[in-house]
Amino acid sequence: MRHTLSVLVENNPGVLARVAGLFSRRGYNIDSLAVGRTDNPAISRMTIVVEGDERVLEQVIKQLRKLIEVIKVSDISREEHVDRELVLIKVSAEPEKRGEIMQIADIFRARIVDLGRRTMILECTGNEGKIRAFEESLRPYGIKELVRTGKIAMLRGSRYTNINGTREDE
Amino acid sequence: MKKSGAQIFVDCLKEQGVDTIFGYPGGAVLPIYDALYESDIRHILTRHEQGAAHAADGYARATGRPGVCLATSGPGATNLVTGIANAYMDSVPLVAFTGQVVTSQLGRDSFQEADITGITMPITKHNYIVKDVRDLARVIREAFYIATTGRPGPVLVDIPRDVSGAQIEYQDPGPVNLPGYRVATEPRPEDLARAVELIARAERPVIYAGGGVVNSGAHLELRRFAEMLLAPVATTLMGLGAFPGDHPLSLGMLGMHGSKYANYAVCECDLLIAVGVRFDDRVTGKLESFARQARIIHIDIDPAEIGKNVRVDVALVGDARRVLSLLIERLEARLPGAWQEKIATWKKEYPLTYEENGRLKPQKVIREIYYATQGQARITTDVGQHQMWTAHYYTFTRPRTFISSGGLGTMGFGLPAAIGVQVACPDETVFDIAGDGSIQMNIQELATAVHYNLPIKVAIMNNGYLGMVRQWQEFFYNRRYAYSELVNPDFVKLAEAYGAVGMRVEKPAEIAPALQEALATPKPVVIDFIIEREENVMPFVPPGQPLNCMLG
């Protein structure tokens, strides 16, 4: 079972190493990890997708909470949420194939961000399933390079997680 | 007011009530040493940085106050590593300070540079590198706060030489503010109610008590709680002394080398009340068979310990002393019944024993140390057979009197730890019970004991083997004693060379007189006890077996 954890951390050097080290030494599997600072420059948010049963997940959350620089850990996959990944794919695009590729891009609402003599770069955002389908659709044309971000996620509705916990306005 | 980084360091230590630090100077800590030189903080110069870390650890275990050690960058810092890991595994409040190369040279593989914050990340509760002298006071306050609150543990602060040497206009950073650091205080009322209900229903309760009881100072509450429930108490190695070993409800130690009656009681209990413990593999044996008939209540201050190794029925997260007080308020005293009788029968049937055959038995040596010190000494140990014999045959009745490396199992801990204990408790008798293998891992600290005239007594259980290794080889490797036999120095001469007193005991009749003489000698004394070579620690649960499958 995969879980998406939203982790607020102090924006200090070394905090990523602490989190990554915790996962590796306790044998937890990270599926993906995305880090960026929040609207408060002193605080960063890590979105960590972790694979494991309830027991592993409980340990991961508790161990993360023990890290001094970790301010807040929430398992947002337990609630209604939106999640997104972004992928850049450089695909072979001989002139005669470009039309087909552009149609696929249209279907996935992907954008063409670079056009070379024999290649194109496509940018697509979406959840994991969509990204996977997009990748599969382009594979027959010859994927030269693929770069994807980790997943980022946010609760739906007026609920949000901030340093004071998960809450709702008004 | 203008202050140097080193002056801030000294002032912050004094503000924390630090009276003693254990350390070893070197290039990157010279500004700090220079400031210490004129301060009233006592500095104990060990002969190896590992000794400084273990001495600070021993000081902390004996007093409950944070131990402080100081080393230079690079090798000085890496030599602390074992000591820090040791304190981490046993939840000891230790604050380790290291010098570091100047900030402009960081990350360039400079002379005596080691990334000690990177190295110690998995073995500290938290660590810091201070790159700006304006952060130094705040970091030191946080370090002591983190080390001593909640579940205690080591914190390392790495200070580059230009930071300790810098001058600034000092501004007080104010009180500690750590938004991500929370310490559990009160268990949830519904969990408390459920625990009370389980306790009331239990017919065969057993208390399993560990180092958390010592750390929280809950020994009186534990005793009260056990006496109310008439529940027998088995302690872990770390919990020895948390419950009086001579109390009728005491089961002694449980686990791999636990007493038979402790292990039987855990196997047959219907309620296990675990207090300040972490269900270590040396305690549980085969996990699936551990306390199989029992509901489990787990009291611990660290939420991450709940359910880590064993599923529990009720978790009471909080300080052991507070949680036990809350339970005591809600419970009624019980009368003895069939369970107490059964325990008494087991205790009679399966006492801890050894065979007396006229040769020098380590168990007898330790029992004699117990008698000679009226059970009132502070005992440190190394790791191995002698450690287990000490756990079995010295009856500990007070917390913080048995000081031993539990989780990490660090050979070489005993002597430097004894130095820290003796510095902390100058008027008490301190014995280091060691093995002939272990003592040689930090034997250089005899020089420290002599230098500061610390009258530590070192009792070496000398069997010419790495005894515990040999024992495992005897049982599991068909008596193939691969590289576990030792050729030892003459420990008497060695002690004398260091300026200590050396003695040797080879016959049972010599034990008591030698101990009397050692205790009357106001100097460090080493007694080389030439014990029966192939004596084993019994009983013995083979690794991976259930607790009721005991050899011996």
Side-chain angles (χ1 to χ4, degrees), chain A residues 3 5-28 30 35 37-46 48 50 52-75 161-167, chain B residues 85 88 91 103 106-107 115-132 135 138-139 142-143 145-147 149-158 176-184 278-279 287 298 300-312 315 317:
Chain A
H3 296 265
L5 302 180
S6 189
V7 184
L8 288 162
V9 299
E10 289 188 47
N11 186 11
N12 294 344
V15 63
L16 178 61
R18 280 183 212 282
V19 170
L22 172 71
F23 276 78
S24 74
R25 78 175 173 276
R26 295 210 179 255
Y28 311 139
I30 299 184
V35 202
R37 73 165 182 80
T38 62
D39 51 318
N40 177 346
I43 295 174
S44 293
R45 185 186 302 271
M46 294 186 182
I48 306 174
V50 56
D53 59 20
E54 281 298 319
R55 195 163 167 170
V56 168
L57 181 78
E58 186 186 325
Q59 267 295 307
V60 168
I61 292 175
K62 285 175 169 175
Q63 294 293 346
L64 279 171
R65 285 187 178 143
K66 276 175 78 168
L67 297 179
I68 310 291
E69 289 159 322
V70 168
I71 300 166
K72 172 81 195 157
V73 185
S74 345
D75 178 6
T161 66
N162 73 359
I163 56 173
N164 298 314
T166 301
R167 45 172 60 194
Chain B
Y88 185 70
S91 305
T103 46
L106 276 170
D115 172 17
I116 197 64
T117 47
I119 290 168
T120 58
M121 215 171 258
I123 54 165
T124 49
K125 191 170 168 187
H126 194 52
N127 64 20
Y128 296 89
I129 176 164
V130 183
K131 292 186 181 170
D132 184 335
D135 294 330
R138 173 183 61 78
V139 165
E142 288 178 7
Y145 181 71
I146 292 167
T149 52
R151 179 181 182 172
V155 177
L156 178 134
V157 181
D158 195 25
V176 169
N177 173 28
L178 293 163
Y181 183 64
R182 280 168 306 262
V183 176
R278 56 187 178 85
F279 296 86
L287 261 186
H298 190 182
D300 205 280
I301 198 160
D302 180 358
E305 284 303 332
I306 309 295
K308 186 181 78 177
N309 293 337
V310 168
R311 276 183 202 281
V312 300
V317 177

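The sequence lines fix the lettering, A, B, ..., with proteins before strands; numbering per chain opens at 1.
Checked for salt-bridge contact, A:Glu58 and A:Arg55 miss the test: no charged N lies under 4.0 Å from a carboxylate O.
For a heavy-atom cut-off of 4.5 Å, chain B lies close to A:Gln59, A:Lys62, A:Gln63, A:Arg65, A:Lys66, A:Leu67 in residues 59-67 of chain A. Proximity to chain B among residues 5-16 of chain A is limited to A:Glu10, A:Gly14, judged by heavy-atom separations below 4.5 angstrom.
B:Tyr181 is linked by a ring pair (Phe, Tyr, Trp, His ring centres under 6.0 Å) to B:Tyr145, counting only residues two or more places apart in sequence or in another chain. By the salt bridge (Lys or Arg N to Asp or Glu O under 4.0 Å) test, B:Arg138 pairs with B:Asp135, B:Glu142, sequence neighbours left out.
Inspection of the A:Asn40 and A:Arg45 side chains reveals no N or O donor paired with an N or O acceptor under 3.5 Å.
There is no contact between B:Ile129 and chain A, counting heavy-atom distances below 4.5 Å. Interface remark: A:Arg18 contributes backbone and side-chain atoms alike to the contact with chain B (heavy atom separation under 4.5 Å).
In this structure, B:Asn309 contributes its side chain and B:Phe279 its backbone to a donor-acceptor pair below 3.5 Å. B:Ser91 places no side-chain N or O within donor-acceptor distance of the main-chain N or O of B:Arg151, the cut-off being under 3.5 Å. Between the side chain of B:Asp300 and the backbone N or O of B:Ile306, no donor-acceptor pair lies under 3.5 Å.
Atom OG1 of B:Thr120 is separated from atom NZ of B:Lys125 by 15.0 Å, given to the nearest 0.5 angstrom. The distance from atom CD1 of B:Ile146 to atom CD1 of A:Ile68, rounded to the nearest 0.5 Å, is 4.0 Å. To the nearest 0.5 Å, the span separating CD1 on B:Ile119 from OG1 on B:Thr124 amounts to 11.5 Å.
When the candidates B:Glu305, B:His126, B:Lys308, B:Arg311 are compared by the number of heavy-atom contacts under 4.5 Å with chain A, B:His126 comes out ahead.
Here the closest non-hydrogen pair linking B:Pro179 and A:Ile71 is O-CG2, 4.4 Å.
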